[in-house]
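What you see is a predicted model; the values in this text were computed from it and never measured.
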Amino acid sequence: QAIDHMLQHWHHYSAFCGDNGDGYITEMIESGTWADHPIIHATAEMLNINITIHRTVGEPTKIAIDSEHTIYLGYYVGFHYVSFVKIEEE
């Protein structure tokens, strides 16, 4: 679904994904391919949620969609993304 969103709004994503995106899209639709920042951004737009990405190096990256809902991801820089689960304090 994120790929479909990207294709529908290609003018917004083309600067991040290459000339016409054929190679990028072909790679991203392969089973087992990990998400990258453009896919995460497209997911935020598609689901209408904010995403905050906490990185192992540097400040958090915020994808603000002007939503009241936010999810949090971690990013091991140069490796991969992980999801976070909020732990309630007792």
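- Put simply, Leu47 and Tyr81 are part of the same group of oily side chains (I, L, V, M, F, W, Y) that touch within less than 4.5 Å, one to the next.
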Report, one line per pair, each donor and acceptor closer than 3.5 Å where one atom sits in a side chain of residues 25-42; sequence neighbours left out.
from: Thr26; atom 1: OG1; to: Asp22; atom 2: O; distance (Å): 2.7
from: Thr33; atom 1: OG1; to: Glu27; atom 2: O; distance (Å): 2.9
from: Thr33; atom 1: OG1; to: Glu30; atom 2: O; distance (Å): 3.0
from: Asp36; atom 1: OD1; to: Tyr24; atom 2: OH; distance (Å): 2.8
from: Asp36; atom 1: OD1; to: Ile39; atom 2: N; distance (Å): 3.2
from: Asp36; atom 1: OD2; to: Tyr24; atom 2: OH; distance (Å): 3.0

For this session: I would like to know whether His5 and His9 meet side chain to side chain contact (heavy atoms under 4.5 Å, CB included); could you show each step before the answer?
Result: CA-CA 6 Å; His5 179 83; His9 301 91; 3.4 Å; yes
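- The shortest heavy-atom contact between Tyr75 and His80 is CD1-O, 3.5 Å.
- The side-chain heavy atoms of Ile49 and Ile51, taken from C-beta on, include a pair separated by under 4.5 Å.
- Both Trp10 and Ile3 are assigned to one and the same hydrophobic cluster, defined by single-linkage of ILVMFWY side chains at heavy-atom distances under 4.5 Å.
- Closest heavy-atom contact between Ser83 and Leu73: CA-CD2, 4.0 Å.
- Glu45 is listed as a side-chain neighbour of His12, based on a closest heavy-atom distance under 4.5 Å.
- Legend: residues meeting ring pair (Phe, Tyr, Trp, His ring centres under 6.0 Å) with Tyr72, ordered by chain and number and at least two apart, are absent.
- Here Val85 sits alone; no ILVMFWY side chain lies under 4.5 Å from its own, so it joins no hydrophobic cluster.
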Can you give each donor-acceptor pair under 3.5 Å made by side-chain atoms of residues 55-67, sequence neighbours left out, with the distance rounded to 0.1 Å?
from: Arg55; atom 1: NE; to: Val57; atom 2: O; distance (Å): 3.2
from: Thr56; atom 1: OG1; to: Val77; atom 2: N; distance (Å): 3.2
from: Ser67; atom 1: OG; to: Asn48; atom 2: O; distance (Å): 2.9
from: Ser67; atom 1: OG; to: His69; atom 2: N; distance (Å): 3.0

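- Between His54 and Phe84, the angle of the ring planes lies from 30° to 60°, which puts this pair in the tilted group.
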